[in-house]
Amino acid sequence: MSALIFCLCAASCSGKGDESAEDIGDLMSVFSYDETEQKKNITYVLNKNTKKIHYLTCAAAETINAENYEETDDFSGALDRGYEPCEICRPAE
């Protein structure tokens, strides 16, 4: 979101003074992001032993034995398979 604000400011403060609402709208469409799309790209770590879902950066995920370690980007699917969110990192869909 900060990139969007920066670009809009740069467009409106460029000194030309001839930017139209359409130009700014074009910038918004280029730099806007879909929060849902971002969430799809999250990789979660599954502990097959404890049935917990972790973020990759979770300290608990770093201690999972290789035979219990699995990665997924399907949070809902993991929930459907009986996994629960870690109480430390609290991943959410």
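Rounded to the nearest 0.5 Å, atoms SG (Cys86) and OH (Tyr44) are 13.0 Å apart. If you take CZ on Arg90 and NE2 on His54, they are separated by 13.0 Å, rounding to the nearest 0.5 Å.
Side-chain heavy atoms closer than 4.5 Å link hydrophobic residues (I, L, V, M, F, W, Y) into clusters, and following such links, possibly through other members, connects Ile53 to Tyr55.
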Can you give the donor-acceptor pairs under 3.5 Å from side chains of residues 62-71 to other protein atoms, not counting sequence neighbours?
| residue | atom | partner | partner atom | Å |
| --- | --- | --- | --- | --- |
| Thr63 | OG1 | Ala60 | O | 2.8 |
| Tyr69 | OH | Glu71 | OE2 | 2.6 |
| Glu70 | OE1 | Arg81 | NH2 | 3.4 |
| Glu70 | OE2 | Arg81 | NH2 | 3.3 |

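Shown here are the side-chain contact (heavy atoms from CB on, under 4.5 Å) partners of Pro85, two or more places apart in sequence or in another chain: Phe75, Leu79, Pro91. In this structure, Tyr83 has no ring pair (Phe, Tyr, Trp, His ring centres under 6.0 Å) partners at least two apart in sequence or on a different chain.
Shown here for Leu56 and Val45, the closest heavy-atom pair between the two residues is CD2-CG2, 3.3 Å.
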